Protein chains: 2
Amino acid sequence: MPGTPTIGPAGAQGVREANLGTVLRTIRAAAPCSRAEIAAATGLTKSTVSSIVADLAARRLVREVGAPAERRVGRPGVGLALDERSIAAVGLEVNVDYLTVVAVDLLEGVLLSRHAAFDARSAGPEACAERITGLLAHTVADPLLRSRTVLGASVAVPGLVDAPSGVVTNAPNLRWTGFPLRERIAGLMARAGLPAMPLHVDNDANLGVIAEYRGGHLAGTPDLVYITGEVGVGAGILTGGALLRGSSGYTGEIGHVPLLRGGPRCGCGRRGCLEALAGVEAVLRHAVPDLMPDGPLSGAGLSRAVDAAVARAEAGDPAVRRALRRAGTWLGRGAAALVNVIDPAAVILGGYFVPLAPWLGPPCAAAVAAHSLAPDRPGRVQTSGLGLTAAARGGASALVDALDRGRLPLPERAPAPP
Amino acid sequence: MPGTPTIGPAGAQGVREANLGTVLRTIRAAAPCSRAEIAAATGLTKSTVSSIVADLAARRLVREVGAPAERRVGRPGVGLALDERSIAAVGLEVNVDYLTVVAVDLLEGVLLSRHAAFDARSAGPEACAERITGLLAHTVADPLLRSRTVLGASVAVPGLVDAPSGVVTNAPNLRWTGFPLRERIAGLMARAGLPAMPLHVDNDANLGVIAEYRGGHLAGTPDLVYITGEVGVGAGILTGGALLRGSSGYTGEIGHVPLLRGGPRCGCGRRGCLEALAGVEAVLRHAVPDLMPDGPLSGAGLSRAVDAAVARAEAGDPAVRRALRRAGTWLGRGAAALVNVIDPAAVILGGYFVPLAPWLGPPCAAAVAAHSLAPDRPGRVQTSGLGLTAAARGGASALVDALDRGRLPLPERAPAPP
DNA sequence: TGGATTAGTTTGGTTATTGGACGAACACAG
DNA sequence: CTGTGTTCGTCCAATAACCAAACTAATCCA
């Protein structure tokens, strides 16, 4: 059964939008390809495809490339491909201990990527918004982006976000509540005389799973779960190719599922939460206790501690390996709850879990297999290939995704030179 | 982010379909209403609404009723309402110990409802298919349905179902595996010389949540979970108004989430599963041990035992109340896992949990509140008002829902007499 | 050089929505 | 009881988009 029927009247422009998206996606998948091939693949007629391709070319999203090398009988088709020189999309991520920016082109190739240690917790939300705005301004001014149309920017935040309004409802690890991040960034940009652009704010796990869906090893798998391994543990859930948002935004909040009665105390006040057992900070406190301060970590501390834990685990340190194994098992138990409810094709471990995955992954996979009902499926637990840029890339990808759905907020322009 | 873009070309008939659905749903919600009111409510123009209403009237789904009593200045509109005399949809449910049929009209009013004790487990799948076919044939031949167009029939099964093919992949409590139920029913109907009709097979919890979405107290709430309380425990999950199906159909399989290490042995071979702690059969073994046989229950045994447990609980029997309280707490823990992942607006307890709800519901709600992260929401745990007919009604509703989406597999007919 | 084949464009036709004009039906005021 | 104003529903021409088929273009091959 499909979703709730769309409200509002349907009209011809909706049809056009759908078909623009279909053709764009087909070219993305099959480039270089001819109009005739697109017609065959989509079921549209050749005339419709010609009309749509003309439209896309006028917006510089598609261009003609040389005829395909393959030589067959009959008139050769002219190859079409996405024009990756025309647009850009920016994704940012703010997290407890770092700030990331990524800009991608229409092919979702990375144009530019910056990662910097940053103590968002002590900076506070207002200073953070300023820092983000500065980074965004700097990014769009980069020579690599200057000649492109910027589709917009998206900001990933580790916490509960009301995506439509761009308000960060509650981000415990940043200690933000009810902060109107989008509004702030838009205000700061206007004050600095920068051109307005679409701004989106969303949860980091939600954007992480979008990144995996569009660019990870499992790209295109419509039922995916992405688990962030930052200070907090959260899950982004994609079902049927769409984000699960729930009735109030609390989907995938597995960081605080109770796993062990009377277990270690968690930041949320309860005991035995997944985050207190398998969150990166908790893992490191067991694995490399000598490197962890008594108070909260700040700046690049977490990253350094992860590196140290990896080095020791590689060297065969039994205490570190034991700590990672136990954390992996708890993580698997938490993930199993999710697998039993959602039945995803795969669970992808992201963030700081990626470098730790050689030791954390196998026990996690074993625990998922042991505690889930569905028959065991090899490769159900995977490691992200996107590292700490996943959320930022996902934000940028989400902007590109709007084009793939036929929503082209782009003016017609003179056709691109060959 | 909306779901995966629909594949295939979009065309004018898709627009018509969407708008037919929009108008039909508007009339359902606002009847009796005039064409002008529909135009205002939907954003379509008056001419389009006229055209669509004519189409719906030709298919006898809508009829003109007397002008509305409300008197205002200007020409009065002619009232439109759904014509409930024209079609019918049939829903059946086969479960371990009973068989249910329900037929509804376009307003989803119940035309006919039968519930019979039936030992599906010992009858076996083939005999069951014969029995279902017989019941269906008897139902469509009923004088109440004879004059109507039957949209189709849907069968709810407690187990894993591949809905597109109508094959029951695995129904442990019925002991069916890989049984092609739809194909069998279609074959038996053809052999009996009955007219073919669309047949659907789906999981009972999935259809239960559809019934709640369309006809329960929480009708229209797009993020709902329905928990069946039959011999097994399963959840049907609706998110954004659409069923969650997962990558291989194992969504909502909460019956076997492990809750208590070393707990009671479960039918699945493991220990401490939710079903072994809070499944109806397990509950009754604790609550009314004297009424439960050592072997498996058969026929109407379960229903009688539930009645007895209710009677004793009402009389204040402390052992029964204690057993129900404990089961409710376990159920709440299992439901909390679901709430933390899905964030539904409500969790609805169905099946045999309904009569037991006065004692089982409050501890269940308390456990959900205690173990879920999102702020407590009163009324998060609800009791179904549909009793044991939920799944059958949901199947029938799903057929009506196709009309509400504009898919009208109905021939044009002479307009209905006033 | 001409036939076969495939690509892309052009032209005409279909479906469905839109928007404005118009007649119909009623209330109200004089 | 008659005119005026208001709202309802329909009719008709215009528009947008897709489709089907004819047509031109480009290439291979005999």
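Just so it is clear, the model here is predicted, and its values are computed rather than measured. The basis for the numbers below is simple: all heavy atoms, side chains too, and nothing from hydrogens, waters or symmetry mates. Numbers restart at 1 for each chain; the letters A, B, ... are given by sequence-line order, proteins then strands.
- Annotation: side chain of A/I52 is in contact with side chain of A/R16 (closest heavy-atom distance under 4.5 Å).
- In secondary-structure terms, DNA chain C builds stems of at least 3 consecutive Watson-Crick or G-U pairs, each pair having both distances under 3.5 Å, at C:1-30 with D:1-30.
- No side-chain donor from either of B/R59 and B/T149 sits under 3.5 Å from a side-chain acceptor of the other.
- Distance B/R75 CZ to D/dT4 C1': 18 Å, rounded to the nearest Å.
- None of B/E37, B/E64, B/R63 except one satisfies the side-chain contact (heavy atoms from CB on, under 4.5 Å) rule with B/L80; the exception is B/E64.
- A donor and an acceptor atom, one from each side chain of A/D162 and A/S165, are located under 3.5 Å apart.
- Closest of all the heavy-atom pairs between B/A88 and B/L111 is CB-CD1, 4.0 Å.
- Distance A/K46 NZ to D/dC19 P: 14 Å, rounded to the nearest Å.
- The number of heavy-atom neighbours closer than 6.0 Å to CD of A/E183, taken from other residues, nucleotides and ligands shown, is 12 or below.
- With a 4.5 Å cut-off on side-chain heavy atoms, A/L151 and A/P198 do not count as touching.
- In this structure B/R25 satisfies the side chain to side chain donor-acceptor pair (under 3.5 Å) test with no other residue, sequence neighbours excluded.
- Remark: A/D404 engages A/R28, A/R214 in a side chain to side chain donor-acceptor pair (under 3.5 Å) (not counting sequence neighbours).
- Between B/S47 and D/dT10, a side-chain N or O to OP1/OP2 separation shorter than 4.0 Å is absent.
- Contact annotation for B/S34: backbone-only contact, meaning every heavy-atom pair under 4.0 Å involves sugar-phosphate atoms and none involves a base.
- Between A/S397 and A/E108 the shortest heavy-atom distance is OG-OE1, 2.7 Å.
- In this structure the side chain of B/L20 reaches within 4.5 angstrom of the side chain of B/L56, judged on heavy atoms.
- As rounded to whole Å, 13 Å separates atom P of D/dA26 from atom CD of A/E64.
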Pairs: protein N or O with nucleotides 14-18 of chain D N or O, under 3.5 Å:
| unit_1 | atom_1 | unit_2 | atom_2 | d |
| --- | --- | --- | --- | --- |
| D/dC18 | OP1 | A/N19 | ND2 | 2.9 |
| D/dC18 | OP2 | A/R16 | NH1 | 2.6 |

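- The minimum heavy-atom distance linking B/T251 with B/R245 is given by the pair CG2-C, 3.3 Å.
- Ion pairing between A/R148 and A/E84 fails under the 4.0 Å rule for side-chain N and carboxylate O.
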Expected rows: protein N/O vs nucleotides 28-30 of chain D N/O, under 3.5 Å:
| unit_1 | atom_1 | unit_2 | atom_2 | d |
| --- | --- | --- | --- | --- |
| D/dC28 | OP1 | A/R71 | NH1 | 2.6 |

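- In 5' to 3' order, the nucleotides of DNA chain C bounding all contacts with chain B (an atom under 4.0 Å from a heavy atom) are C/dA16 to C/dA27.
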